[in-house]
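Notes to accompany the following structure.
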Amino acid sequence: MTRLAHISDLHFDRVDPAIVKGLREELNDDRPDLVIVSGDLTQRAYREEYRSAGAFLRSLESPVLAVPGNHDITYIHLAQRFLDPYARWRRFIARDIEPTWTNDQVAVVGLNTARRMAWGFDWSKGRFGLRQLHRLNKRLEALPEHLFRIIVAHHPLHPPAHAPDLDVVGRADDALACFRRNRVGLVLAGHLHRGYVHVDEIDQGDAPRLLVVQASTATSTRLRGEPNAYHRITIRPGGRMHLEVRAWDGARWVSVAARDQGAKLGELPFHAPVVEEIAGRENAPAGLG
């Protein structure tokens with residue numbers, strides 16, 4: 001059995017210190033095999049924000065796998081953005097922006113969907129590159145066949161059912177096709193600060209059905225109608241999976257009731273936050289990303 005924690009959109013230094021402390025204590029009291037962070041560790045990629053985010057990750061007693069989000073590339077210092085956008089990431093977080101972690105059951109593969117520029121005025125939109133997906137093919141082909149495969153990226157591949165017009169990552173269809181071809185069972189992402197699960201409707205034969213799981217923000221005050229939350233994920237032999245959402249109720253982390261998203265979940269016990277019953281604080285404007 002492999003136990004994972006999926007946190008996203010930390011946004012140091014727009015955080016609630018009580019939530020940061022509570023998250024650190026919860027993760028260290030119930031230590032997962034791996035903590036997965038799907039981007040936006042900082043708010044504006046300032047040095048002090050990176051320093052705070054790095055200190056938080058180092059305070060966790062579990063290994064950490066993190067990928068950048070659009071907020072982790074500076075919008076202020078354009079020379080840095082275009083010439084060396086991940087210098088601070090490599091200094092304060094990790095040398096690798098697309099890391100891999102494996103044990104005897106699971107392979108977790110990080111993909112960077114943040115981009116230093118994009119067509120139009122909104123550079124927060126992410127994108128998969130064609131060469132990036134080609135490299136991913138080779139990375140996944142090199143993995144042992146029996147491992148349950150998990151992809152971690154920042155940007156969403158499906159919009160939430162209640163907001164179908166929200167943008168998804170560029171080349172989402174190409175990426176999903178690549179994931180199916182390589183027997184990926186789970187994709188973990190963030191960006192929208194909304195928690196939901198999408199079950200892929202395409203049958204993959206004897207491969208696991210592809211699930212795309214979106215996380216709310218774990219620690220930021222930049223809420224979008226949902227509480228701060230993160231995921232506990234358990235992978236059992238044969239790829240059987242259980243996902244639990246832990247939401248902050250204003251004083252502690254609690255498990256929240258189910259809210260189905262996307263295709264029918266059948267008998268699988270997947271959960272997402274119930275907003276109206278859990279959010280206990282005034283929502284702050286989230287802005288882009």
Would Thr2 and Asn103 count as a side-chain hydrogen bond (donor to acceptor under 3.5 Å, both in side chains) if you check the C-alpha gap in whole Å, the side-chain angles of each, and the deciding distance to 0.1 Å? CA-CA 8 Å; Thr2 300; Asn103 66 5; 3.0 Å; yes
Asp173: which residues meet the side-chain hydrogen bond (donor to acceptor under 3.5 Å, both in side chains) condition with it, sequence neighbours left out? none
Kindly check if the number of other-residue, nucleotide or ligand heavy atoms within 6.0 Å of CZ (Arg47) is above 12? no
Atom pair CZ/SG of Arg135 and Cys178 - distance to nearest 0.5 Å: 11.5 Å
Excluding sequence neighbours, so at least two apart, what forms ring-ring contact (aromatic ring centres under 6.0 Å, His included) with Phe148? none
Glu61: partners by side-chain contact (heavy atoms from CB on, under 4.5 Å), with sequence neighbours left out: Asn28, Arg31
Using the six-membered ring wherever Trp is involved, compare the ring planes of Phe92 and Tyr50 and label them parallel, tilted or perpendicular (cut-offs 30° and 60°). parallel
What class does the angle between the rings of His191 and His155 fall in, given that below 30° is parallel, 30 to 60° is tilted and above 60° is perpendicular? tilted
Using a strict cut-off of less than 4.0 Å between a Lys/Arg side-chain nitrogen and an Asp/Glu carboxylate oxygen, indicate whether Lys138 and Glu141 qualify as a salt bridge. no
Under a 3.5 Å distance rule, please check whether Asp72 uses its side chain to pair with a backbone N or O of Leu41 as donor and acceptor. yes
Applying ring pair (Phe, Tyr, Trp, His ring centres under 6.0 Å) to His193 and His11, what does each step give before you reach the verdict? CA-CA 11 Å; His193 298 199; His11 286 287; 5.0 Å; yes
Indicate yes or no for a side-chain donor-acceptor contact from Glu98 to the backbone of Leu111 under 3.5 Å, with no hydrogens or angles considered. no
